[in-house]
S.K.: 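Below are the C-alpha cells for one structure; questions will follow.
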Amino acid sequence: FMDTIKPKKGQVLELFIESLAFGGLGIARYNGQVIFVRKAIPGQVVSVMIIRRKRNYLEGRIQSIITESESAVLVRCDHTDYCGGCAFQHLDYTRQIEEKEKQVKDLISRLGKFTDAMVYQIIGCEDQYHYRNKMEYTFSNRRFVTELDEDLPRDFALGAHVRGRFDKIFNIDTCYLQDLRCSEILQTVKKIVYDHKIEPYDILEHTGFLRYLVIRNSFESGEIMVNLVTARNEPVLLEPVVNTLIQEFPEVSCIINNINSRKGGVSFGESEQILYGKSFITEKIGAYKFEVSANSFFQTNPRQAELLYNMIREECSLTGNEVLYDLYCGTGTIGIFLADGAKEVIGIELVESAVKNAVRNAELNAVNNIRFYQGDLMNFFMENNKSFQFPKPDILIIDPPRSGLHPQTVFNILELAPKRIIYVSCNPSTQARDLKELCLKEYQLSHCRPIDMFPHTPHVENIAVLNAVNEGP
C-alpha cells in the first residue's frame, strides 16, 4: 500500500528542505516518505525531480529553487557545481555547524541507542577558509569543459576530479581551502607544464608522465613543499618547473618527485627523490614540533587539531600516574601531545612508515615516556600475547579510520579493561555502532563533544568519553 503513494521516478515535487543528513544531503518529506536532495540546504523550498526510489527513501535532484533559505550565503568559489570538496559554501557557517551537531545527536541516539546521551555544543572553526595544509591536484589529458573555460585546450587540465567521474578533471586556478600562495604555485606549475608541453598522464590508456601535484604548507614556519608525482623516473623533464619555483617562491623549501608507475590512482609513489631542498617541512601543534614528509599522514587542519587535542587532554584528567594507550596512533601526535601529563604512553599503528615518523617525532620533542609499536590491532594483543610486556592501561585513546573498529578490536578493548576510553572519530555513524557494542555492560557513555575540523564539508569530528561501569579498586 505504501508503495502506491510513493512518488514515481521522474515525478516533480515541490518540497521544503528541513535539515541536512549526515553526509550532506538535504532532507525533505512527502507523504511520510523521506527524500534526500543533493545540494539542497535547510529552509529552501525547491522543485525536485525524483531520480531514485529505494525501499525506505527516495532521492531527488533540484530543478529550481522556489524560495531561497534565510541561511543561504554567496559562494566564494567558482567550482562548487563540479567539485565534491566543499558542499556547503552556500550555507551560512553558523547553520552548518548547528546541522553537524544535530547529526551527531541523531546518530548517537538512533544508531547507538543512547536515548539521553549528553552531547555538548559543537566547537566551530575560527578559520573557515585557508585552513588546510595539504591539497592534491590531478594532471589529465581529459579535461571536463565548463562554461568558465570553454576556450581552453581540452587535452590538458590540472585540477580535481568531477564529482562521480574518475576519468574527467576540471581545471582549478584557486582553492580557498588552502593558503592563497599555494594557489599561485598551482597556477605557475600549470603554465610551465603547458608551455613546455610536459605530457599529462592518461588514466584510461596509462600513458603520459605527470600524474599529481601535491602542495603542503606549514602554518608555523610558512614553508611550502611541492611534490610532483610522475609515472616514471625522468627528473630532467621537471627542471623547468623546479627552476621557476625556486626563483619565484622563496617559501618553497623542498621539491619532491614521487614516482608511481602503478595503474592505481594514488598520489604516493614507489620511490621518491628530492629535486630541491630537504625531505620535509616542520609544523607545530601546540608546543610540539613535527616533521611532515611527502607521504606522511598529518592533521590537515593543524590549528583546529590543537583545539581537538586540548579537548582530549581535558577528558583524560591526567595526574602523572596514568598509563595511556594511543591506538591507531598514526605519526604519534596525540600521544606526544599528552605524554607530559602521563606516566607512560604506548602507541600502536599499522602503517610502518607512520611508526618511524612517530619515533622521530618523539625524539624531536624529547619525549622519553612514549613507546611505539607497529601492528594490526585486530590481532596485535593475541598474536604474541604481547599484553604481558605492557602495563595495564588506565586510559585508552582510539582514533580509528572512517570504517570504525573491527569486532575483534572491540573485544580486545574490553579485555584490556581501561578505566576510561576516549573514542575520537571522523565518522559518527560507525562510532555510534561501536559505542553501542562497547557499552553493552562494561562501559557507559558519559558524553560527546563534537568539533568541526573541516568547514563547508559534510565531515564532523566527535569525541566520545566512556567510563567503566564498576570503577572499583
Side-chain angles (χ1 to χ4, degrees), residues 75-80 83 85-86 89 125-139 148-149 156-160 169-196 198 210-230 238-258 267 272 274-285 289-306 453-457:
V75 168
R76 189 180 290 199
C77 173
D78 295 331
H79 307 300
T80 47
C83 182
C86 22
Q89 275 193 34
C125 191
E126 202 176 311
D127 302 313
Q128 286 137 44
Y129 290 97
H130 314 302
Y131 58 79
R132 284 185 69 94
N133 61 4
K134 178 188 175 192
M135 286 299 293
E136 182 180 304
Y137 303 100
T138 305
F139 290 96
L148 295 170
D149 52 19
F156 179 78
L158 176 54
I169 301 296
F170 67 91
N171 195 55
I172 294 180
D173 286 326
T174 302
C175 177
Y176 292 100
L177 295 189
Q178 199 176 18
D179 190 305
L180 288 178
R181 294 170 309 153
C182 299
S183 292
E184 289 169 25
I185 288 171
L186 167 70
Q187 290 171 34
T188 302
V189 170
K190 187 183 297 173
K191 185 175 180 343
I192 304 163
V193 166
Y194 186 70
D195 290 350
H196 285 78
I198 309 172
L210 278 169
R211 299 190 69 161
Y212 303 98
L213 168 71
V214 187
I215 307 174
R216 286 185 185 254
N217 63 302
S218 163
F219 287 91
E220 165 59 24
S221 64
E223 299 170 282
I224 296 177
M225 170 192 285
V226 176
N227 180 11
L228 293 151
V229 182
T230 59
L238 299 172
E239 278 175 10
V241 180
V242 174
N243 294 337
T244 308
L245 289 179
I246 295 167
Q247 274 172 351
E248 292 186 17
F249 296 94
E251 313 94 319
V252 172
S253 62
C254 43
I255 303 174
I256 311 285
N257 174 204
N258 267 210
S267 64
E272 130 178 358
I274 301 168
L275 302 179
Y276 167 75
K278 48 190 186 162
S279 64
F280 60 87
I281 55 176
T282 307
E283 184 58 280
K284 257 183 153 178
I285 297 181
K289 253 163 78 165
F290 299 98
E291 286 179 1
V292 185
S293 57
N295 294 323
S296 68
F297 172 79
F298 192 73
Q299 285 287 354
T300 333
N301 182 348
R303 286 178 176 161
Q304 197 72 343
E306 185 177 344
M453 303 288 286
F454 304 113
H456 313 301
T457 76

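Since the model is a prediction, treat every value here as computed from it, not as a measurement.
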S.K.: With heavy-atom distances below 4.5 Å as the criterion, would you say the side chains of Arg76 and Tyr129 are in contact?
M.R.: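 Sidechains of Tyr129 and Arg76: in contact.
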
S.K.: So how far is it from Asn171 CG to Leu158 CG, rounded to the nearest 0.5 Å?
M.R.: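 Rounded to the nearest 0.5 Å, the CG-CG separation comes to 7.5 Å.
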
S.K.: Rounded to the nearest 0.5 Å, how far does CZ of Arg211 lie from CG of Leu228?
M.R.: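 It comes to 13.5 Å.
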
S.K.: Among residues at least two apart in sequence or on other chains, which ones pass salt bridge (Lys or Arg N to Asp or Glu O under 4.0 Å) with Lys278?
M.R.: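 So Lys278 forms a salt bridge (Lys or Arg N to Asp or Glu O under 4.0 Å) with Glu223.
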
S.K.: Once salt bridge (Lys or Arg N to Asp or Glu O under 4.0 Å) is applied, do any residues pair with Glu306, and if so which ones, sequence neighbours excluded?
M.R.: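 Applying salt bridge (Lys or Arg N to Asp or Glu O under 4.0 Å) to Glu306 gives none.
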
S.K.: CD1 of Ile169 to CZ of Phe156: how many Å apart, nearest 0.5 Å?
M.R.: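 Reported to 0.5 Å precision, the distance equals 11.5 Å.
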
S.K.: Can you give me every donor-acceptor pair (side chain of residues 172-183, partner residue at least two apart or in another chain, under 3.5 Å) with its distance?
M.R.:
{"unit_1": "Asp173", "atom_1": "OD1", "unit_2": "Lys190", "atom_2": "NZ", "d": "2.8"}
{"unit_1": "Gln178", "atom_1": "NE2", "unit_2": "Ile215", "atom_2": "O", "d": "2.9"}
{"unit_1": "Gln178", "atom_1": "NE2", "unit_2": "Asn217", "atom_2": "OD1", "d": "3.0"}
{"unit_1": "Asp179", "atom_1": "OD1", "unit_2": "Arg181", "atom_2": "N", "d": "2.8"}
{"unit_1": "Asp179", "atom_1": "OD1", "unit_2": "Arg181", "atom_2": "NE", "d": "3.2"}
{"unit_1": "Asp179", "atom_1": "OD2", "unit_2": "Arg181", "atom_2": "NE", "d": "3.4"}
{"unit_1": "Asp179", "atom_1": "OD2", "unit_2": "Arg181", "atom_2": "NH2", "d": "3.3"}
{"unit_1": "Arg181", "atom_1": "NH1", "unit_2": "Gly222", "atom_2": "O", "d": "3.2"}
{"unit_1": "Ser183", "atom_1": "OG", "unit_2": "Cys175", "atom_2": "N", "d": "3.1"}

S.K.: I need the Lys134 NZ to Met225 CE distance, nearest 0.5 Å.
M.R.: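 The CE atom of Met225 is 10.5 Å from NZ of Lys134, to the nearest 0.5 Å.
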
S.K.: Just so I know, are the side chains of Phe290 and Glu220 near enough to count as touching, which here means a heavy-atom distance under 4.5 Å?
M.R.: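 No, side chains not in contact.
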
S.K.: My understanding is that only residues two or more places apart in sequence, or in another chain, count here; which of them pass side chain to side chain donor-acceptor pair (under 3.5 Å) with Gln299?
M.R.: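 By the side chain to side chain donor-acceptor pair (under 3.5 Å) rule, Gln299 matches Tyr309.
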
S.K.: Only counting residues at least two apart or in another chain, list the ones meeting ring-ring contact (aromatic ring centres under 6.0 Å, His included) with His79.
M.R.: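 His79: ring-ring contact (aromatic ring centres under 6.0 Å, His included) contacts with Phe170.
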
S.K.: Return the set of residues passing side chain to side chain donor-acceptor pair (under 3.5 Å) with Thr80 (not counting sequence neighbours), or none when no residue passes.
M.R.: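 Here no residue qualifies.
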
S.K.: State which residues pass side-chain contact (heavy atoms from CB on, under 4.5 Å) with Phe297; sequence neighbours excluded, sorted by chain then number.
M.R.: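 By the side-chain contact (heavy atoms from CB on, under 4.5 Å) rule, Phe297 matches no residue at all.
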
S.K.: Write out all pairs satisfying salt bridge (charged side-chain N to carboxylate O under 4.0 Å, His left out) with one or both partners inside residues 289-302, taking only residues at least two apart or from two chains.
M.R.: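 Every pair satisfying salt bridge (charged side-chain N to carboxylate O under 4.0 Å, His left out) with a residue in residues 289-302: Glu291-Arg360.
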
S.K.: Are any of the side-chain heavy atoms of Phe280 and Val292 separated by less than 4.5 Å?
M.R.: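 No - every pair of side-chain heavy atoms lies 4.5 Å or more apart.
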
S.K.: Under the side chain to side chain donor-acceptor pair (under 3.5 Å) test, which residues partner Arg303, sequence neighbours left out?
M.R.: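 Applying side chain to side chain donor-acceptor pair (under 3.5 Å) to Arg303 gives Asp127.
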
S.K.: Are the side chain of Asn301 and the backbone N or O of Met453 linked by a donor-acceptor pair below 3.5 Å?
M.R.: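 Present.
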
S.K.: Who pairs with Phe454 by ring-ring contact (aromatic ring centres under 6.0 Å, His included), at least two apart in sequence or on another chain?
M.R.: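 Expected list: none.
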
S.K.: Measure across Tyr276 and Val252 and return the closest heavy-atom pair with its distance rounded to 0.1 Å.
M.R.: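 That closest heavy-atom pairing would be CE2-O, 3.4 Å.
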
S.K.: Out of curiosity, Glu272 CD to Ile256 CD1, how far, rounded to the nearest 0.5 Å?
M.R.: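 Answer rounded to 0.5 Å: 5.0 Å.
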
S.K.: I want to check something: taking the side chain as every heavy atom from C-beta on, are Ser218 and Thr282 in contact at a cut-off of under 4.5 Å?
M.R.: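 When only atoms from C-beta onward are counted, Thr282 and Ser218 do not touch, as no gap falls below 4.5 Å.
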
S.K.: Please name the residue in the list Thr188, Leu238, Ile198 that meets the side-chain contact (heavy atoms from CB on, under 4.5 Å) test with Val193.
M.R.: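 Of the listed options, the one satisfying the test is Ile198.
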
S.K.: Please step through side chain to side chain contact (heavy atoms under 4.5 Å, CB included) for the pair Val226 and Leu213, ending with a clear verdict.
M.R.: CA-CA 7 Å; Val226 176; Leu213 168 71; 3.6 Å; yes

S.K.: Do Asn133 and Thr300 come close enough that some side-chain heavy atom pair is under 4.5 Å?
M.R.: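 They are in contact (side-chain heavy atoms under 4.5 Å apart), so the answer is yes.
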
S.K.: Indicate yes or no for a side-chain donor-acceptor contact from Glu283 to the backbone of Pro302 under 3.5 Å, with no hydrogens or angles considered.
M.R.: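 Here the side-chain-to-backbone pair does not exist.
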
S.K.: Tell me which donor-acceptor pairs under 3.5 Å the side chains of residues 239-250 have, and how far apart each pair is, sequence neighbours excluded?
M.R.:
{"unit_1": "Asn243", "atom_1": "ND2", "unit_2": "Glu239", "atom_2": "O", "d": "3.3"}
{"unit_1": "Thr244", "atom_1": "OG1", "unit_2": "Pro240", "atom_2": "O", "d": "2.8"}

S.K.: Suppose we screen for ring-ring contact (aromatic ring centres under 6.0 Å, His included). Which residues come up paired with Phe139, at least two apart in sequence or across chains?
M.R.: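 If we apply the ring-ring contact (aromatic ring centres under 6.0 Å, His included) test to Phe139, skipping adjacent residues, there are no hits.
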
